[in-house]
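This is a predicted model, so every value here is computed, not measured.
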Amino acid sequence: QNSLDKYKEESKTNPKVQTRSLLGVFEEDAAAISNYMNQLYQAMRRIYDAQNELSAATHLTSKLLKEYEKQRFPLGGDDEVMSSTLQQFSKVIDELSSCHAVLSTQFADAMMFPISQFKERDLKEILTLKEVFQIASNDHDAAINRYSRLSKKRENDKVKYELTEDVYTSRKKQHQTMMHYFCALNTLQYKKKIALLEPLLGYMQAQISFFKMGSENLNEQLEEFLTNIGTSVQNVRREMNSDVETMQQTIGDLEAASDPLYTPDPDPTTFPVNRNLTRKAGYLNARNKTGLVSSTWDRQFYFTQGGNLMTQARGDVAGGLAMDIDNCSVMAVDCEDRRYCFQITSFDGKKSSILQAESKKDHEEWICTINNISKQIYLSENPEEIAARVNQSALEAVTPSPSFQQRHENLRPAGQSRPPAVRTSSSGSLGSESTNLAALSLDSLVAPDTPIQFDIISPVCEDQPGQAKASGQGGRRTNPFGESGGGTKSETEDSILHQLFIVRFLGSVEVKSDDNPDVVYETMRQILAARAIHNIFRMTESHLLVTCDCLKLIDPQTQVTRLTFPLPSVVLYATHQENKRLFGFVLRTSGGRSESNLSSICYIFESNNEGEKICDSVGLAKQIALHAELDRRASEKQKEIERVKEKQQKELSKQKQIEKDLEEQSRLIAASSRPNQASNEGQFVVLSSSQSEESDLGEEGKKRESEA
């Protein structure tokens, strides 16, 4: 009864869990039947082997028949009827237990033969089919594992054909064996009744034949009971034959209809992808790391239950929690040399799991289902209808409306006059204030004929040779924590701000306006809609390093800088109004297609609920850079003033030196004119010591002038 209760609970959640649980219940019932029938066979064997022990063997048989109602058969649907019937038999057999003479041939033909046939043929058939089914399941698992290891880089048509045929053959063999095994388990329920009733009927008939002299002890009521039992056995046999024919016909129909399903990767045109699922179950290969670089893949059964991803190993009655997928992120990834891999990351980014699907159809359906569950669509009354509506809205989202404001008016909920204000940094925008939305058309936001880039590439290209130099050479290995590994220091190491965030690149597109945050919202909408339409689930994960000089995208594995965005070129940044995991920024670069030779590119990223933190970090970096620039300009201005003062001081000292030299020169000239006058007049002038010193200085001044 406990097994039936667990089976009923599991059957409500998952049909495949129902099949495996139901198979376990049938196998448990077959083991119980085998155990019970072996005991009954031993009891009847004692009757056949020893006439002297006939009374004891008959008593044991009666006892076992009484204990039938105490047995707990999981599939005992009509146990009350069988229990009452066997109780009646037990009473009769107990009355006849005093009879000690029974012909052994009558026992062999009427009693031992039916139960021996059931034990030797039917029960052994169940065991044989069980072993064959187990072998077929193991062969199928081995074939699936070999097919899963099929390389997508070095594809070999011959090897792929052999592996595909191997999977087809093993799957077909497993399916056929499974259906025959299930048919035998179903038939066993009828054969159990026959194997229980026929030997007892033969036993009673043998007793009646043997005790002709004691026929007065057998009343008409007992004869009528035996007649009814015989009729019931015939009815059960006819019902069994009818059900066997029906099951055989069903097996034939299923074999014909299931033939395309044996191929591991079915044709998508025959079996289209359902993107509106909110529940899914199936086998996936889970990656388990065994070391720094080594890993193993385990094949397990996964199913979704509400907002949880569950896993269930073989033999387990119920599944266990694998991951909470509410508000999670899922994306296709390239993992080692395996195909159809995708990664699930929890909402807080602390737990992630890499799984491999069996086919491309399962791969896309798993991603769509987990994505729908992540949006909590399953909590609504009609989850599949809402999921279809969301996907249809994504398809219609790429159709441009007449104006930007009209498009937002249509998306605005009823009863809300205007959408809530989006938080952006005041320093995150250059240019004038926001203009009227009615004046912004689609052409004024996004450049026409501009493709959307869904993956990160190097900024070096033919039409932008200067951007690579400005972005700082994407191949350089960068330490995100600002630690220097050599003797030289980079620009980011001198920055006082180092903040690291985990982001996933969604896409980028060239825009025509960079002075309004609505440009970022419109770009988010178009990129998400384009990804939904073109079934692009792959996202490149990077580390975003925010410094006072630039924004850097760093490879998390190799620490190599993929892209560098100079902070002065980041003119606008914003977070999504509702989904705070989405954020974007506009980069103004040179070499665009406009006449001014400037272009604006909007980059959109997804984070782990850190969109506002990233915008705050970028705003803080721009403020720090602004204050640093102001301090630098003030310092340069002060140095310039000091240089001017020093220059003026030098000019002043030089002017004083010139004046002093002129004064000395004039003194020398005056002193040299006085002796000439004395010689002409015949008079002599006696010079004082001070005048002689002045004359010496005048001569030295003349020498310096002549040298100059």
Side-chain angles (χ1 to χ4, degrees), residues 329 331 343 345 348-350 352 424-425 427-428 453-460 467-508 520 539-576 580-589 601-629:
S329 61
M331 62 180 177
Q343 179 178 358
T345 305
D348 55 1
K350 296 181 179 180
S352 63
T424 57
S425 176
S427 62
Q453 179 180 321
F454 295 108
D455 200 359
I456 296 177
I457 60 174
S458 175
V460 180
Q467 186 178 353
K469 298 179 181 179
S471 60
Q473 297 177 358
R476 178 176 178 177
R477 188 181 298 273
T478 303
N479 192 333
F481 301 101
E483 300 174 358
S484 177
T488 60
K489 292 185 177 181
S490 63
E491 294 179 358
T492 58
E493 292 175 0
D494 297 332
S495 176
I496 63 175
L497 177 66
H498 285 84
Q499 290 190 351
L500 195 67
F501 303 94
I502 299 176
V503 297
R504 289 169 291 278
F505 182 70
L506 293 176
S508 63
V520 180
M539 292 185 289
T540 303
E541 184 170 299
S542 304
H543 287 170
L544 179 64
L545 178 63
V546 181
T547 66
C548 298
D549 301 319
C550 61
L551 307 180
K552 285 189 176 183
L553 286 180
I554 302 174
D555 191 308
Q557 300 294 331
T558 62
Q559 298 300 320
V560 173
T561 301
R562 292 172 172 167
L563 283 178
T564 301
F565 307 103
L567 194 62
S569 299
V570 179
V571 297
L572 180 65
Y573 48 90
T575 309
H576 195 273
K580 299 304 180 182
R581 294 185 301 174
L582 299 179
F583 77 97
F585 61 84
V586 178
L587 185 73
R588 183 179 295 172
T589 60
I601 301 176
C602 185
Y603 293 86
I604 305 300
F605 296 88
E606 181 189 33
S607 63
N608 298 328
N609 293 326
E610 295 179 340
E612 292 184 349
K613 294 182 180 179
I614 295 175
C615 288
D616 291 340
S617 178
V618 175
L620 178 61
K622 292 185 77 67
Q623 289 180 3
I624 294 175
L626 178 61
H627 290 298
E629 180 66 19

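Rounding to the nearest 0.5 Å places NZ of Lys622 at 6.5 Å from OH of Tyr573. Interatomic distance, Leu551 CG to Leu563 CG, rounded to the nearest 0.5 Å: 11.0 Å. In this structure, NE2 in His543 is found 9.0 Å from CG in Asp555, a value given to the nearest 0.5 Å. Expressed to the nearest 0.5 Å, how far CD1 of Ile614 lies from CZ of Phe583 amounts to 3.5 Å. Taking CG from Asp348 and OG1 from Thr345, the interatomic distance works out to 10.0 Å, rounded to the nearest 0.5 Å. Between atom CD of residue Gln623 and atom CG of residue Asp616 there is a gap of 9.5 Å, rounded to the nearest 0.5 Å.
Scanning all heavy atoms of the two residues, the minimum distance from Ser542 to Pro556 falls at CA-CD, 4.0 Å. What you find for Gln453 and Asp455 is that their closest heavy atoms are NE2-O, 2.7 Å. In this structure, Ile604 and Gly584 approach most closely via the heavy-atom pair CD1-CA, 4.0 Å. Of all non-hydrogen atoms in Ala625 and Cys548, the two that sit nearest each other are CB-O, 3.5 Å. Looking at every heavy atom in both residues, Pro566 comes nearest to Cys550 through CA-CB, 4.0 Å. The two residues Thr589 and Ile601 have their closest heavy-atom pair at OG1-CD1, 4.5 Å.
Judged by distance alone, with hydrogens and angles left aside, the side-chain atoms of Ser607 form a donor-acceptor pair with the main-chain N or O of Arg581 at under 3.5 Å.
In this structure, Phe501 has its ring center at least 6.0 angstrom away from the ring center of Phe605.
Using a 4.5 Å heavy-atom cutoff, the side chains of Asp549 and Leu567 are not in contact. Leu544 has its side chain within reach of Leu553: a pair of non-hydrogen atoms, C-beta onward, lies under 4.5 Å apart. Annotation: side chain of Lys613 is not in contact with side chain of Gln499 (no heavy-atom distance under 4.5 Å).
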